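Reminder, nothing fancy here: chain letters follow the sequence lines and each chain counts from 1. As the structure is a computational prediction, the values presented were derived from the model and not from experiment.
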Amino acid sequence: MKALKRAVLALGIGGLVAAALRLRGSGGVPPQGGGWRELSGPDLR
Amino acid sequence: MRAVVVGLGAVGARAARQLLSSGPIEDLVLVDVDLARAAAAVESFGDPARLDDDLPGDLAAGDVVVLTLPEGHRALAERAIDRGADVVSTIDDCAEVKALLALDGAARARGRHVVVGAAFSPGMTCVLAMHAAAGFEQVDEIHVARVGTGGPACARQRHRALSGRAVDWRDGGWLERPGGSGRELCWFPDPVRALDCYRAAMPEAMLLVEAFPGVRRVTARVSATRRDRVTAHLPMLRPPHPEGQLGAVRVEVRGRRGVARAERVLGAVDRPAVAAGAVAALAARWAAEGRLARPGAAGLGVLAEPTGFLAGLAERGVKAAVFEGATEEGIAG
């Protein structure tokens, strides 16, 4: 019984840590248009 | 030009090769604690590369000393400028960068250059920030992000950085925050694209603040997985790879252009060790040719004219890119 309680506690703590890691940070919004262009010629003069 | 390259790992070997292939060089001394590796490099590069294991003597042999060791740059840089050589350091450890920047007075007094953090990140990121800021009347914010590592030493440094204290510049002061915090989705040039990035002990802010008087915020982040963030607090569980895969950097500059708010995003994609080697070699050549802005110890954002430097990198195959069109919601800081 004691071992079971410890296992449940460990799982609970693990879940809380995973949730905190999952939720922290604000994420981002993908670009809505445009793209990357290599700098060349006039950009580098 | 006579050069000494100290450290022949993934970055040092690339820097040495770039020095040999990108202009005249009279003498190239290669130094590494692993004598067999240094001998193999000398055999591979051929004349004028040579091996010497007498480190204090070697530093006197060059007009420029390129330091690519994982640590101990300050003492070697001091010795090199005392002997009349310019120094290019690829270090990306915050404490080492701070120690090297403290050599500014000594380097100025001797009329020598100490280029601090001349790699992919920091290094190319500083030049990209300067180039992105062209046309801005005032730069308010700079946000740097990077993905990937060069050799094993670089991988170890990234591991430490994720568990260290991130040093950001905010409203005229330094702000320390825990590494591995502040997740942001950052969009790098193709084919790397979108990756979650987190605060880490990266020296970008230390190097960029001097180059941008009046800047309010400078931050730096590195890409990582959740597993990286958890295991960053443990010893490395597996030995790092001999060389990392494709990496990228991204620099977002925000400020005022005329009366309008503006932002510009530049980036680059390459193998980090290859790009770092090219940046270090080009910085060494500029130092030897007297093309750096002033004597003293500083980052490339202060010392290098950005357009010419990026053109030089492009000639060496390390190409920058600009994001055009609608930009994403930026890094929140």
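Within 6.0 Å of the CZ atom in B:Arg193, the count of heavy atoms belonging to other residues, nucleotides or ligands does not exceed 12. The environment of B:Gln138 atom CD is dense: over 12 non-hydrogen atoms of other residues, nucleotides or ligands sit within 6.0 angstrom. The number of heavy-atom neighbours closer than 6.0 Å to CZ of B:Arg261, taken from other residues, nucleotides and ligands shown, is above 12.
Here the shortest heavy-atom pairing between A:Trp36 and B:Asp190 reads CD1-N, 4.2 Å. Contact between B:Thr307 and A:Asp43 at its shortest, heavy atoms only, is CG2-O, 3.9 Å. Between A:Leu44 and B:Ala314, the shortest heavy-atom contact is CD1-CB, 4.1 Å.
Of the two parts of B:Phe188, only the backbone, made up of N, CA, C and O, holds a non-hydrogen atom closer than 4.5 Å to a non-hydrogen atom of chain A.
Using non-hydrogen atoms only and a strict 4.5 Å limit, the part of residues 126-137 of chain B facing chain A consists of B:His131.
When each of B:Gly308, B:Gly267, B:Pro189, B:Ala268 is scored by its heavy-atom pairs under 4.5 Å with chain A, the top score falls to B:Pro189.
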